[in-house]
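Below is one structure, written out as structure tokens; comments come after it.
Quick caveat: nothing in here was measured; it's all calculated off a predicted structure. FYI, side chains are in, hydrogens and waters are out, and symmetry mates aren't considered; it's all heavy atoms of this structure.
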Amino acid sequence: MEMHRIEKFFVNSPIFNYFHNKFLVSKFLKSIQDNPKNILEIGCGIGYTTKSLSEKFPNARIIAIDYDEEQIKTANRLHENIKNVKFMQGDATNLKFKNNSFDAVFEFNTLHHIKNYKKAINEIKMALKKNKNFYIIDVSKYFFIPIFRSLFPAEAYFTKEGMIKKLAKNNFKIKSHSGKGIFYIVATKK
């Protein structure tokens, strides 16, 4: 799903991205000890989280996809100097990559934008190599009080516990998790 104008304006703002990267993404990335060489990012938007990934993993090849072509065009323009990243338009429910292509998959607040997020999880599982990690930061249904639902509508509502169950049903082992309203999960493909 493409974001509506208000949400796109908000999440593309430098102020939001400063706080999002400083207090969520950078903290999460600092906790990662792995050193993946081939990374897929789902829902990269205009590339601020992708830039953080490229700084954390400068020797990795990163493919960053987003459903919204306008977001990809902006990401390519803003981050043309990042050499280890390729931005592409893509659909997480229909990934066009060979099975077992990636050492890590990341999603930062994306799955709640995908109506059929269960299919996206299955596609991610197929793209990810065995014993490699799917890194998730997302927003629980508890975050979407009525005012937020009108400003930031989601296609899917779930809890961290519900997401953990969906991942387990898709042959992922939960390595770690934390949070409630905004949560983190690290899941390893079995």
Side-chain angles (χ1 to χ4, degrees), residues 1-4 7-8 11 24-25 28 34 36 38-47 49-50 53 61-73 75 85-144 148-149 152-190:
M1 158 182 144
E2 290 185 23
M3 294 181 286
H4 67 72
E7 185 175 16
K8 193 181 284 189
V11 300
L24 287 175
V25 175
F28 186 59
D34 298 336
N38 292 303
I39 296 171
L40 175 63
E41 181 186 11
I42 303 292
C44 65
I46 61 172
T49 52
T50 314
L53 284 171
R61 179 183 71 106
I62 301 169
I63 295 178
I65 68 167
D66 199 279
Y67 187 78
D68 187 333
E69 262 187 83
E70 182 183 317
Q71 296 283 80
I72 292 299
K73 287 178 186 175
V85 172
K86 181 177 182 180
F87 291 103
M88 301 169 51
Q89 192 279 330
D91 181 351
T93 65
N94 188 20
L95 295 175
K96 304 290 185 189
F97 305 107
K98 290 182 181 178
N99 289 352
N100 306 307
S101 296
F102 296 97
D103 301 317
V105 177
F106 287 83
E107 79 87 4
F108 301 104
N109 296 314
T110 299
L111 288 176
H112 69 271
H113 286 290
I114 303 171
K115 188 172 191 168
N116 194 351
Y117 72 93
K118 296 170 196 169
K119 187 170 191 235
I121 291 170
N122 191 56
E123 289 285 312
I124 290 164
K125 178 187 75 173
M126 291 190 301
L128 190 60
K129 293 177 183 175
K130 186 176 180 179
N131 298 319
K132 298 300 180 181
N133 293 324
F134 178 24
Y135 297 95
I136 299 167
I137 295 178
D138 219 307
V139 183
S140 170
K141 71 178 187 178
Y142 301 123
F143 181 81
F144 292 99
F148 288 144
R149 283 186 185 194
F152 307 106
E155 286 288 311
Y157 297 99
F158 44 75
T159 62
K160 178 181 71 174
E161 293 75 19
M163 182 59 67
I164 287 171
K165 287 178 184 174
K166 296 289 181 225
L167 290 164
K169 285 182 182 178
N170 272 283
N171 209 28
F172 282 97
K173 177 184 171 194
I174 305 307
K175 194 171 179 180
S176 63
H177 61 87
S178 66
K180 186 170 175 119
I182 298 173
F183 62 82
Y184 306 82
I185 300 175
V186 178
T188 306
K189 178 181 173 182
K190 295 181 188 176

Sequence-distant partners of E107, side chain to side chain donor-acceptor pair (under 3.5 Å), two or more places apart: none
Does K166 use its side chain to pair, donor to acceptor, with the backbone of K118 at less than 3.5 Å? no
Applying salt bridge (Lys or Arg N to Asp or Glu O under 4.0 Å) to K129 and not counting sequence neighbours gives D103
Considering only heavy atoms from C-beta outward, does the side chain of Q89 approach that of Y67 to under 4.5 Å? yes
Side-chain touch I121/K169, heavy atoms, less than 4.5 angstrom: no
Starting at CG of L40, measure out to CG of L128 and round the result to the nearest 0.5 Å. 9.0 Å
Side-chain heavy-atom pair F97, I65 within 4.5 angstrom cut-off: yes
Hits for side chain to side chain contact (heavy atoms under 4.5 Å, CB included) against K125, two or more places apart or cross-chain, chain-then-number order -> N122, N170, N171, F172, K189
Is there a donor-acceptor pair under 3.5 Å between the side chain of D68 and the backbone N or O of E70? yes
Applying side chain to side chain contact (heavy atoms under 4.5 Å, CB included), can you list everything that pairs with N99, at least two apart in sequence or on another chain? M126
Residues forming a side chain to side chain contact (heavy atoms under 4.5 Å, CB included) with A120, sequence neighbours excluded: A92, T93, L111, I114
Working to the nearest 0.5 angstrom, can you tell me the gap between D66 CG and F87 CZ? 10.0 Å
L95 vs F102 side-chain heavy atoms within contact, under 4.5 Å: no
Euclidean distance, L24 CG relative to T49 OG1, rounded to 0.5 Å: 11.5 Å
Excluding sequence neighbours, so at least two apart, what forms ring-ring contact (aromatic ring centres under 6.0 Å, His included) with F28? Y184
We want to know whether Y117 and D138 form a side-chain donor-acceptor pair, criterion being a heavy-atom distance below 3.5 angstrom. no
First locate atom CE of M163, then atom OG of S140, and finally report the distance between them rounded to the nearest 0.5 Å. 9.5 Å
Using modelled atom types only, decide if a donor and an acceptor are shared between the side chain of T50 and the backbone of A64 within a distance under 3.5 Å. no
For the residue pair I62 and F106, establish whether any side-chain heavy-atom pair is separated by less than 4.5 Å. no
Euclidean distance, I185 CD1 relative to N133 CG, rounded to 0.5 Å: 12.5 Å
Minimum heavy-atom separation for G47 and A75, please, with both atom names. N-CB, 4.0 Å
Are L53 and Y135 side-chain neighbours, meaning at least one heavy-atom pair lies under 4.5 Å? no
Straight-line distance of E69 CD to M88 CE, nearest 0.5 Å: 11.5 Å
